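Single-structure report; data block below.
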There are 2 protein chains.
Amino acid sequence: MDMGADCHHEDGVHPGLAGPVLADALVLAERRCAATQERLTAPRRRVLELLLESDGPQKAYDLIAAFGAHGEPAKPPTVYRALEFLERLGFAHRIESLNAYVPCRLDGQGHRAAFVICECCGAAEEFEPDFATQLAAAAPSGYAVRSVTLEARGLCPACQAG
Amino acid sequence: MDMGADCHHEDGVHPGLAGPVLADALVLAERRCAATQERLTAPRRRVLELLLESDGPQKAYDLIAAFGAHGEPAKPPTVYRALEFLERLGFAHRIESLNAYVPCRLDGQGHRAAFVICECCGAAEEFEPDFATQLAAAAPSGYAVRSVTLEARGLCPACQAG
DNA sequence: AATGATGCGTTATGAGATAACATAACGAGT
DNA sequence: ACTCGTTATGTTATCTCATAACGCATCATT
Ligand SMILES: [Zn+2]
Ligand SMILES: [Zn+2]
Ligand SMILES: [Zn+2]
Ligand SMILES: [Zn+2]
């Protein structure tokens, strides 16, 4: 993303979780895993924690660098495997046009995710579009659509004001 | 894309141009460049030709490998620069979720592009989403949307039939 | 305990894209 | 035709992003 050097706004509409709020989010994730016989193992939990703590979309290698509690990086497969798991369970999403990852900010687990991405400050906000009717009409010639990647670019409210 | 090994269908809804049809397309591109003071230089023209000849989305390094007339590959920046130019002028599009490139299959130059991608045969069909306004409404909390990346996955008509 | 399935640690490599700098081609003005 | 600013290309090196492959550890089931 080519964010001009003239952006004076704060990064991250989502401030990132910390303290008890973060702990609660992790406990909730534990519960949701337990309910489906999935295991929130240490590396998976750690990567989810890093995503939840973050202010905005995180690159895989940022997560790799931040993985260790005392500054030691993880090996790439450790983080990529965790991300694959978190995506599969709906705890995280990959933003294709950024090569970056965000924690899910919505409640539902099997939901379709879409994003608006601020070209100024880099914030990415998740929303759930009601595709079905729109896309069925828009898609051409008999394609049977099963999933959708929708990533919109623009300016967040703060960056419009500035 | 994870296309199962059980797909027996032909790749590419768009068969790829050749002969006089290809030549015509390149002449048209020349004209459109001339009309806006842009230069369709040799490497740009060559990359556009490779895209137009192709049956489906092309990876950058496929284009790099195929660039030379006698099998010599191009250097990566040569092709990436050409792709940047072709995208800027609307002659080609990048499909984010594939890391691949396609020639524009629609007429307008400044149009919004969207794709349906067959998970079985890999075909990618371009269409022009007409719901910009609806999207603006669907987007959350005051974001001003300026561009949209929309890539839908599913099955093309041929692969549904099989 | 033996078995099978899943997940992790590690090494190495593959795939995708760009930075940086020098040279070459163009094109407007003289 | 010459000069100069601009745009594009050639080249080298490097950077970012992601996965293959293998062996070991862990867990649940028998
Ligand atoms: Zn979500
Ligand atoms: Zn912003
Ligand atoms: Zn197009
Ligand atoms: Zn198909």
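All of these numbers come straight from a predicted model, not from anything done at the bench. Lettering follows sequence order; numbering is per chain, from 1.
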- prompt: Would you find a donor on one side and an acceptor on the other, under 3.5 Å apart, between the side chain of Arg46(B) and the backbone of Phe67(B)?
  reply: yes

task: Find out whether Thr41(B) and Arg45(B) are in side-chain contact, i.e. whether some heavy atom of one side chain is under 4.5 Å from a heavy atom of the other.
output: no

- request: Would you kindly say whether Arg153(A) and Thr149(B) are connected by a side-chain donor-acceptor distance under 3.5 Å?
  value: no

message: As a quick check of understanding, evaluate salt bridge (Lys or Arg N to Asp or Glu O under 4.0 Å) for Arg112(A) and Glu128(A), giving each step before the final call.
response: CA-CA 6 Å; Arg112(A) 300 161 183 270; Glu128(A) 183 159 8; over 6 Å; no

query: When Watson-Crick pairs (N1 to N3 and N6-O4 or O6-N4) and G-U wobble pairs (N1-O2 and O6-N3) count only below 3.5 Å on both distances, what is the dot-bracket string of DNA chain D, with | for other-strand pairs?
result: ||||||||||||||||||||||||||||||

statement: Rounded to whole Å, the CD-P distance (Gln37(A) to dC27(D)) equals 16 Å

field: Of all pairs that satisfy side chain to side chain donor-acceptor pair (under 3.5 Å), the ones with a partner from residues 77-91 of chain B, not counting sequence neighbours
entry: Glu38(B)-Arg88(B)

task: If a protein heavy atom is under 4.0 Å from the base, mark B; if only from the sugar-phosphate, S; if neither, -; do that for nucleotides 6-18 of chain C going 5' to 3'.
output: -SBBBB----BBB

query: Do the charged groups of Glu125(A) and Arg105(A) touch, with an N to O distance under 4.0 Å?
result: no

query: Is the closest basic N to carboxylate O distance between Glu96(A) and Arg94(A) below 4.0 Å?
result: yes

field: Whole angstrom value for the distance that separates C1' of dG10(D) from CZ of Arg46(B)
entry: 18 Å

- prompt: If Ile, Leu, Val, Met, Phe, Trp and Tyr residues are connected whenever their side-chain heavy atoms lie under 4.5 Å apart, and connections chain through other members, are Leu52(B) and Leu86(B) in the same group?
  reply: yes

